[in-house]
Amino acid sequence: MEGVGAYTLLRVERGGLEPGVPGQFFMVEAPGRLLPRPMSLCLAPAGELGFLLEGVGPGTRALCEVEPGERLYVFGPLGNGFRLDVERPLLVGGGIGIAPFPYVAQALGDPPVLLGFRSERHAEAAVLLPNAAVVVEPTYVTEPLAELVEDHDVLACGPEPMLEAVRALAPTAQLAWEAPMACGYGACYGCSVEIDGVLKRLCIDGPILEAA
Ligand SMILES: Cc1cc2nc3c(=O)[nH]c(=O)nc-3n(C[C@H](O)[C@H](O)[C@H](O)COP(=O)(O)OP(=O)(O)OC[C@H]3O[C@@H](n4cnc5c(N)ncnc54)[C@H](O)[C@@H]3O)c2cc1C
Ligand code: FES
């Protein structure tokens, strides 16, 4: 466990779990405290899984407070990851939306990255992607993106308004969406969202969806 700016990096022993495709997620729980929460895989060094946490509520705060050596419930990998068969990748992250990109960047051979944060303290997380171009509010990540979008295949993760703005600029982008998830594998319908009039379970039909 270590602080990364305003976030917390939780590193767990991998055991028999596979890290999966970048953009997939795991359900992570501090047993006996609260139900599991969905977490993107951030880093996959040998023998470990790394998750970047933002303590926004009871579940994520409980995970930020686990003690070294404490046993966790980790289930995954789940959902659809990013398609990596892109010629000119550009990673675009907002806030905790940086989480899946260190693992994505490793898989894609360090492509260009744009990151946006709401404060300098949050922006310290860019240390996880040392070559990234970083903006801090009031500048939004879509400003530099507008200059680069023509020549790139965009993979984006961040808050919903950012994803909508990215989608408007880059209609072929791959976007990582969020919804509250109770099970993570299609059983509870808690993550249902309506897309083009069709109900989708984001945990199995996503979380990565084509912007179109
Ligand atoms: C596929 C996926 C991957 C994720 N990866 C990460 C990650 O790598 N790191 C990380 O810190 N968080 C990640 N999240 C978000 C995280 O799982 C939620 O923020 C978490 O459920 C919050 O739980 P909580 O008990 O701490 O807060 P809660 O009390 O459940 O929520 C706190 C606030 O966040 C809102 N909220 C809760 N869950 C969501 C959600 N999924 N989308 C939008 N708003 C929500 C609530 O309405 C409330 O306002 C991911 C979510 C998904 C679906
Ligand atoms: S989280 Fe249960 S169906 Fe998606």
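Along the sequence shown, residues carry numbers from 1. Both ligands and their constituent atoms are indexed starting at 1 by order of listing. For clarity, every value in this text was computed on a predicted model and none was experimentally measured.
Distance check for atom 31 (O) of ligand 1: every protein heavy atom is found at 4.0 Å or beyond. Protein heavy atoms are found less than 4.0 angstrom from atom 50 (C) of ligand 1. Under the 4.0 Å distance rule, the nearest protein heavy atom to atom 43 (C) of ligand 1 falls inside the cut-off. For atom 6 (C) of ligand 1, the protein comes within 4.0 Å by at least one heavy atom. Put simply, atom 36 (N) of ligand 1 has no protein non-hydrogen atoms near it, under 4.0 Å away. Counting protein heavy atoms under 4.0 angstrom from atom 46 (C) of ligand 1 gives zero. Counting only heavy atoms, the protein gets under 4.0 Å from atom 13 (C) of ligand 1.
Note that OH of Tyr103 and CG of Leu128 are 15.5 Å apart. Values are rounded to the nearest 0.5 Å. Within the model, atoms SG of Cys157 and CD of Glu178 stand 7.0 Å from one another, a figure rounded to the nearest 0.5 Å. How far CD of Glu150 is from CG of Leu145: 10.5 Å, rounded to the nearest 0.5 Å. We find the OG1-CG distance between Thr60 and Leu10 to be 12.0 Å, quoted to the nearest 0.5 Å. In this structure, the separation between CG on Asp205 and SG on Cys191 is 8.0 Å, given to the nearest 0.5 Å. In this structure, the separation between CD on Glu54 and CZ on Arg61 is 10.5 Å, given to the nearest 0.5 Å.
Protein atoms that are N, O or S and lie under 2.8 Å from atom 4 (Fe) of ligand 2 are these: Cys191 SG, Cys203 SG.
In this structure, atom 4 (C) of ligand 1 lies nearest to the protein heavy atom Pro38 O, 3.3 Å. The nearest protein atom to atom 29 (O) of ligand 1, hydrogens excluded, is given as Pro58 CD, 3.4 Å; this is a heavy-atom distance. Atom 23 (O) of ligand 1 has as its closest protein heavy atom Arg37 NE, 2.9 Å. Protein heavy atom at the shortest distance from atom 53 (C) of ligand 1 is Ala179 O, 3.3 Å. Scanning the protein heavy atoms around atom 11 (O) of ligand 1, the nearest turns out to be Glu54 N, 2.8 Å. Nearest protein heavy-atom neighbour of atom 19 (O) of ligand 1: Val56 CG2, 3.8 Å. Nearest protein heavy-atom contact of atom 26 (O) of ligand 1 is Thr60 OG1, 2.4 Å. For atom 27 (O) of ligand 1, the nearest non-hydrogen atom of the protein is Gly57 CA, 3.3 Å.
Glu164 and Arg167 are joined by a salt bridge, as a carboxylate oxygen and a charged side-chain nitrogen come within less than 4.0 angstrom of each other.
Every N/O-N/O distance between Trp177 and ligand 1 stays at or above 3.5 Å. Backbone and side-chain nitrogen or oxygen atoms of Met181 are examined, and none is located within less than 3.5 angstrom of a nitrogen or oxygen of ligand 1.
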- Message: Apply side-chain contact (heavy atoms from CB on, under 4.5 Å) to residues Leu41 and Leu49 and explain how you reach the verdict.
- Response: CA-CA 7 Å; Leu41 186 64; Leu49 301 174; 3.8 Å; yes

- Test Phe25 against Cys203 for side-chain contact (heavy atoms from CB on, under 4.5 Å), laying out the working first. CA-CA 9 Å; Phe25 68 95; Cys203 65; 3.9 Å; yes

- Task: Decide yes or no on side-chain contact (heavy atoms from CB on, under 4.5 Å) for Leu17 and Phe26, but give the supporting numbers first.
- Result: CA-CA 10 Å; Leu17 294 176; Phe26 289 75; 4.3 Å; yes

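Within ligand 1, the atoms closer than 4.0 Å to a non-hydrogen atom of Gly59 are 24 (P), 25 (O), 26 (O), numbered from 1 in the order shown. Set against the non-hydrogen atoms of Ala99, the atoms of ligand 1 under 4.0 Å away are 8 (O).
Within the 4.0 Å heavy-atom criterion, neither part of Cys42 lies near ligand 1. Within the 4.0 Å heavy-atom criterion, the part of Ile96 lying near ligand 1 is the side chain and not the backbone.
Within a 6.0 Å radius of CD in Glu210, more than 12 heavy atoms belonging to other residues, nucleotides or ligands are found. Atom CZ of Arg11 sits in a sparse spot, with 12 or fewer heavy atoms from other residues, nucleotides or ligands closer than 6.0 Å. Within a 6.0 Å sphere centred on CD of Glu70, heavy atoms belonging to other residues, nucleotides or ligands number more than 12.
Here atom 9 (N) of ligand 1 lies nearest to Leu52 when heavy atoms of Leu35, Leu52, Leu53 are compared. Closest to atom 39 (C) of ligand 1 by heavy atom, among Glu178, Arg61, Met27, is Glu178. Of the listed residues (Gly79, Pro36, Gly95, Ser40), the one carrying the non-hydrogen atom nearest atom 3 (C) of ligand 1 is Ser40.
Ala30 and Val66 get closest at one heavy-atom pair: CB-CG1, 4.0 Å. In plain terms, the two heavy atoms of Leu84 and Leu108 that are nearest each other are O-CD2, 3.6 Å. Nearest heavy-atom pair across Ala170 and Val149 is CB-CG2, 3.5 Å.
Aromatic ring pairs are classed by plane angle as parallel below 30°, tilted from 30° to 60° and perpendicular above 60°; the pair Tyr7 and Phe117 is tilted.
Here the rule is side chain to side chain contact (heavy atoms under 4.5 Å, CB included) with Gln174, and of Asn80, Ile208, Val154 only Ile208 fits it.
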